[in-house]
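Notes for the one structure printed next.
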Amino acid sequence: QVQLVESGGGLVQAGGSLRLSCAASGRTFGGWPVAWFRQAPGKEGEFVAVISGSGGLRANADSVKGRFTVSRDNAKNTVYLQMNSLKPEDTAVYYCATGRAATMTSPSTMRRYDYWGQGTQVTVSS
């Protein structure tokens, strides 16, 4: 069993930066990919970024390319999402997710992720 806890959200002005963290407990990520998703009010969940188990492969959604960077520190069982040049449309609750069935080839498929954090709110003011 894996427990995921996100942190680092908050209120920031447009153009600002935040770094989200996703810490695992209970067991390690086990070399599984870890993804970030977000959900804005009244909208469906949206894939944001994913990183492979080793950290050597990454993929971002087009909406955040060039602005968001995902990284991981397996020694600390933590995955990060560095968010720069934030826009009001980035406002959402951000979730990290992982699981045995997670893959880099279809990272946006939510049903592949068994474990989800509780989410952290990111609000970007204009």
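Heavy atoms only: backbone and side chains are in, while hydrogens, waters and symmetry mates are out.
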Measure the spacing between OG1 of T78 and CG of L20 and express it to the nearest 0.5 Å.
-> 12.5 Å

Is Y113 linked to V5 within one hydrophobic cluster, defined over Ile, Leu, Val, Met, Phe, Trp and Tyr using a side-chain heavy-atom separation of less than 4.5 Å?
-> no

Sequence neighbours excluded and cut-off under 3.5 Å, please list the side-chain donor-acceptor pairs for residues 53-60, or say none.
from, atom 1, to, atom 2, distance (Å)
S54, OG, G56, N, 3.2
R58, NE, V70, O, 2.6
N60, ND2, F68, O, 2.8

Could you walk me through whether S108 and E46 pass the side-chain contact (heavy atoms from CB on, under 4.5 Å) test, one step at a time?
-> CA-CA 8 Å; S108 61; E46 176 189 16; over 6 Å; no

R19 side chain to G9 main-chain N or O, any donor-acceptor pair under 3.5 Å?
-> no

Just grab all the salt bridge (charged side-chain N to carboxylate O under 4.0 Å, His left out) pairs involving residues 94-121, residues at least two apart or on different chains.
-> none

Salt bridge (Lys or Arg N to Asp or Glu O under 4.0 Å) involving K43 - partner list, sequence neighbours excluded = none

Go through the structure and list residues passing ring-ring contact (aromatic ring centres under 6.0 Å, His included) with F47, not counting sequence neighbours.
-> F37

Hey, could you give me each pair passing disulfide bond (SG atoms under 2.5 Å apart) that has a residue in residues 51-126? Not counting sequence neighbours.
-> C22-C96

Not counting sequence neighbours, list each pair that qualifies as a side chain to side chain donor-acceptor pair (under 3.5 Å) and has a residue in residues 90-99.
-> R38-D90, R38-Y94, R67-D90

Do side-chain atoms of Q118 reach the backbone of E6 as a donor and acceptor pair under 3.5 angstrom?
-> yes

Note, L4 side chain near W116 side chain (heavy atom, < 4.5 Å) = no

Q1: side chain to side chain contact (heavy atoms under 4.5 Å, CB included) partners, not counting sequence neighbours | Q3, Y115

Might you point out which heavy atoms bring L18 and G8 nearest each other, and give the distance in Å?
-> CD2-O, 3.8 Å

Taking all non-hydrogen atoms of both residues, which atom of V50 and which atom of P107 are closest, and how far apart?
-> CG1-CB, 3.6 Å

Among Ile, Leu, Val, Met, Phe, Trp and Tyr joined by side-chain contacts under 4.5 Å, find the other residues sharing a cluster with Y80 and list them by chain and number.
-> none

Partner set under side-chain hydrogen bond (donor to acceptor under 3.5 Å, both in side chains) for Q121, not counting sequence neighbours | T123

Is the shortest heavy-atom distance from the side chain of R72 to the side chain of V34 under 4.5 Å?
-> yes

Sorted by chain and number, sequence neighbours left out, side-chain hydrogen bond (donor to acceptor under 3.5 Å, both in side chains) with S126 holds for none

Sequence neighbours excluded, every pair satisfying disulfide bond (SG atoms under 2.5 Å apart) that has a member inside residues 38-94 = none

Could you tell me whether the side chain of M83 reaches within less than 4.5 Å of the side chain of L81, counting heavy atoms only?
-> yes

Please identify each residue that fulfils side chain to side chain contact (heavy atoms under 4.5 Å, CB included) with S17, with sequence neighbours left out.
-> Q82, N84

